[in-house]
Amino acid sequence: MRKIIDLRSDTVTKPTPAMRRAMAEAEVGDDVFGEDPTVNKLQEYAAQLFGREAALFVPSGTMGNQIAIKVHTQPGDEVIVEEASHIFNSEMAMMSAFAGVLPRPIPSERGFLRWEQIERAIRPNVYYYAQTRLICLENTHNLKGGGVYPLEWAREIVENAHQRGLAVHLDGARIFNAALATGRSVKEITEGFDSVMFCLSKGLGAPAGSMLVGSREFIEKARRVRKMLGGGMRQVGVLAAAGLYALEHHVARLAEDHKNAQLLAEALQEIPEVHLEPVETNIVIFELSTIPAEKLIDELKQRDILALAIGPRRIRLVTHLDVSREDVLYAAQAIREILKQ
Ligand code: TLP
């Protein structure tokens, strides 16, 4: 039987045999008591990688983002987000439901806001206006093609926001892809953000888990909010071990995913019915001019290739640990054949 080529997301990776061994051998304890040595090691390692005082292991990226929003805001505050951001679109309106805040979405071309746009959206200090309290940025930007936030733009936002007394949170679900693409460290590209969330369970290949990093004070508050959400876990060192393994062994190999995404993009570019968006990391997005996205997806499924529709004619393909060079070439060829029919 041919293997399934799953390009729907980099969340679909399965733990490698070596990662599973690390999980099986993990030392564990009750993490709600702060006594899981493997979780503690992962948190210390993450804090050190990002040059922060502390870090917190959380079950998912969504929970990490929502904890950060809750810690940075008070009910009734306003939060500036990019229109196509994950926080605004794919987290169940949780910032309103849980933190009681109002998102203020701002459109952009590739997912990256400039300070001038943000500045215009900040509420003046008038007593009957909700007050802007937080800005959330996303790097890489998922739904607008996996692009990397221009470093100077992000720095300008952080600096100006702080001068205005606003906090800035980074949804860095794929921050290691951004670091690789720019040739800089995660510490360098996230400097100054009040909090950063990153995922262990995407391109890094762990089965679950994300991290929040920030100041000791922020992480202490975040731990309380994690408990409110039922995210306090017990002998979770078995999962933290996968995360540690991922950080130690799967960061450099993201280069392969970027190469495969480029290869896929080059092949797709040759197909006249495909309108490809720029590809910078491991995400490939294109628009179809002749058939609906669902039709192509159904046809691909019959050839054991899985893809994701993110609009009526828009498709996203993501490269990762379980996708080879041969797989992407096979997928590109299949797309070409289906569209020709
Ligand atoms: N993204 C998933 C889906 O939810 C769309 C994917 O397949 O890309 N921030 C960003 C930028 C994300 O892309 C995601 C997940 C999250 C946060 C949430 O992480 P999880 O799924 O762990 O809650």
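Just so you know, these numbers use all the heavy atoms, side chains as well, and skip hydrogens, waters and symmetry mates. For ligands, and for the atoms within them, numbers begin at 1 and follow the listed sequence.
- Under 4.0 Å from ligand 1, not a single heavy atom of Asp10 appears.
- Checking side-chain atoms of Thr132 against main-chain N and O of Arg123 turns up a donor-acceptor pair under 3.5 Å.
- Counting heavy atoms under 4.0 Å from ligand 1, residue Arg316 touches it through the side chain alone.
- Near Asn65, meaning under 4.0 Å from one of its heavy atoms, ligand 1 places the atoms 17 (C).
- The residues Asp10 and Arg174 are annotated as salt-bridged, a charged nitrogen and a carboxylate oxygen being separated by less than 4.0 angstrom.
- Heavy-atom proximity to Ala173, at under 4.0 Å, picks out these atoms of ligand 1: 9 (N), 10 (C), 11 (C), 12 (C).
- Looking from atom 12 (C) of ligand 1 to the surrounding protein, the closest heavy atom is His86 CD2, 3.3 Å.
- The aromatic rings of Tyr245 and His249 sit parallel to each other, their planes meeting at less than 30°, with 60° as the upper class boundary.
- No close placement of the Phe176 and His250 rings is indicated, their centers lying 6.0 Å or farther apart.
- Counting only heavy atoms of the protein, atom 15 (C) of ligand 1 lies nearest to Lys202 CE, 3.1 Å.
- The side chain of Glu138, and not its backbone, has at least one atom closer than 4.0 Å to an atom of ligand 1 (non-hydrogen atoms only; side chain from C-beta on).
- Of all the heavy atoms of Asp171, the ones lying under 4.0 Å from any atom of ligand 1 belong exclusively to the side chain.
- Of the protein's non-hydrogen atoms, the one nearest atom 20 (P) of ligand 1 is Gly61 N, 3.5 Å.
- The atoms of ligand 1 that sit less than 4.0 Å from any heavy atom of Glu91 are 17 (C).
- Taking any N or O of Ser210, backbone or side chain, none lies under 3.5 Å from an N or O belonging to ligand 1.
- Between Glu138 and Lys144 there is no salt bridge, since no side-chain nitrogen of the basic residue lies less than 4.0 Å from a carboxylate oxygen of the acidic one.
- Contact between Met63 and ligand 1 is absent, with no heavy atom of the residue lying under 4.0 Å from the ligand.
- Between Thr11 and ligand 1, no N or O atom pair is found at a separation short of 3.5 Å.
- The closest approach between Arg8 and ligand 1 stays at or above 4.0 Å for every heavy atom of the residue.
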